[in-house]
Amino acid sequence: SEAVPATFVSIIQRADGTARIVEARATFLTAAGRRTAMLSTIRDITENKQAAERLQVLYHLSAAVNRADALEQIYAIALEALVQVLHVDQAAILLLNEAGGLCFKAWHQLSAPYRQQVEGHAPWLVDESSLEPRLIPNVVEAEFGAFRALSLAEGMQAIALIPLVEQGQWLGQFLLA
């Protein structure tokens, strides 16, 4: 009897609609040149593939930051890494200006009108002591004034505002949507 292994990777969709990456391995047992039996296993490797993807993005981020000549290049590189790892459609890095408003330093898939309307506004007070992320899981149902209509027009369904803090000092935020 001779064993003939076969392995392949595929994406499957579960009953709940989520996609998973699986590795299927089949070993065919043969006798006298004919397949007589098959042993098979299917293993979910989604987390392994995602971890490998994140590590690859971090490696590229590190290498690119080390080659960057200007701070603006680092902003763009960091933003690209966030978009890839978090699988978001829109993102931005905003930093505080002298007046206490936020200014866009880098962005991905955000229109000029959106940036113009949002720039200068801040979701936290400059001297606020507890800077917790602001999460808006459903923009349609959110109550945040004119920014709701603006965000919906931009195609945003959910928004996360993540504060950038160094030694207790608020520097700016990541915007993820």
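Just so it is clear, the structure is predicted and the values come from calculations on it, not from any experiment. Just so it is clear, the values below take in all heavy atoms, side chains as well, and ignore hydrogens, waters and symmetry mates. Residues take their numbers from the sequence shown, with the count starting at 1.
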Answer yes or no: is there a donor N or O on one side and an acceptor on the other, between the side chain of Thr18 and the main chain of Arg14, under 3.5 Å? no

Decide yes or no for Glu47 and Arg20: does some side-chain heavy atom of the first lie under 4.5 Å from some side-chain heavy atom of the second? yes

Heavy-atom side-chain proximity of Pro123 to Phe144 below 4.5 angstrom: no

Rounded to the nearest 0.5 Å, what separation is found between the NZ atom of Lys49 and the CD1 atom of Ile21? 6.5 Å

Is there a path from Leu71 to Ile93 through hydrophobic residues (I, L, V, M, F, W, Y) whose side chains come within less than 4.5 Å of each other? yes

Rounded distance [0.5 Å steps], CG in Leu164 versus CG in Leu131: 10.0 Å

Linking Ile, Leu, Val, Met, Phe, Trp and Tyr by side-chain heavy atoms under 4.5 Å, what else ends up with Ile42? Ile12, Val22

Is any side-chain heavy atom of Ile136 closer than 4.5 Å to a side-chain heavy atom of Glu141? no

CA sep, side-chain torsions, deciding dist, call: Val9, Ile45, side chain to side chain contact (heavy atoms under 4.5 Å, CB included): CA-CA 9 Å; Val9 174; Ile45 59 170; 4.1 Å; yes

Side chain to side chain contact (heavy atoms under 4.5 Å, CB included) assessment of Ile159 paired with Leu176: CA-CA 6 Å; Ile159 301 171; Leu176 307 167; over 6 Å; no

With sequence neighbours left out, which residue pairs that include part of residues 86-111 fulfil the side chain to side chain donor-acceptor pair (under 3.5 Å) condition? Glu53-His87, Ser111-Glu154

Do the side chains of Val165 and Gln169 get nearer than 4.5 Å, heavy atoms only? no

Going from CZ on Phe28 to CZ on Arg35, what distance comes out if it is rounded to the nearest 0.5 angstrom? 4.5 Å

Minimal non-hydrogen separation, Met156 against Ala177, with atom names: CG-CB, 3.8 Å

Derivation of the side chain to side chain contact (heavy atoms under 4.5 Å, CB included) call for Leu161 and Phe174: CA-CA 6 Å; Leu161 305 174; Phe174 289 118; over 6 Å; no

Check whether any side-chain heavy atom of Gln173 lies under 4.5 Å from a side-chain heavy atom of Leu102, and answer yes or no. yes

If we ignore hydrogens and angles and just use 3.5 Å, is the side chain of Gln73 paired with the main-chain N or O of Ala70 as donor and acceptor? yes

Ignoring hydrogens, what is the shortest heavy-atom contact between Pro137 and Ala158? Give both atom names and the distance. O-CB, 3.4 Å

Verdict with reasoning, Val85 to Gln50, per side chain to side chain contact (heavy atoms under 4.5 Å, CB included): CA-CA 9 Å; Val85 170; Gln50 290 170 340; over 6 Å; no

Gln157, CD atom: more than 12 neighbouring heavy atoms under 6.0 Å: no

On a heavy-atom basis, the closest approach of Ile11 and Ala19 is CG2-CB, 4.0 Å

Quick one: do the Arg25 and Thr7 side chains pair a donor with an acceptor below 3.5 Å? yes

Can you give me the closest heavy-atom contact between Leu79 and Ala92, atom names plus distance? CD1-N, 3.6 Å

I'd like to know if Tyr114 and Val140 are part of one continuous hydrophobic network [Ile/Leu/Val/Met/Phe/Trp/Tyr, side-chain heavy atoms within less than 4.5 Å]. yes

Closest non-hydrogen atom pair between Gln13 and Gly17, with its separation: NE2-O, 3.4 Å

Expected output: side-chain Thr36 to main-chain Leu29 donor-acceptor under 3.5 Å: yes

Could you tell me which residues satisfy ring pair (Phe, Tyr, Trp, His ring centres under 6.0 Å) with Phe104, sequence neighbours excluded, listed by chain and number? none

Between CD of Glu119 and CD of Gln117, what distance do you get to the nearest 0.5 Å? 11.0 Å

Got Leu95 and Tyr75 here, is their nearest side-chain heavy-atom distance under 4.5 Å? yes

Does any part of the side chain of Leu150, heavy atoms only, come nearer than 4.5 Å to the side chain of Val118, both counted from C-beta? yes

Taking side chain as C-beta onward, heavy atoms only, is Phe8 less than 4.5 Å from Glu23? no

So which atom in Ala106 and which in Ala76 form the shortest heavy-atom distance, rounded to 0.1 Å? CB-N, 4.2 Å

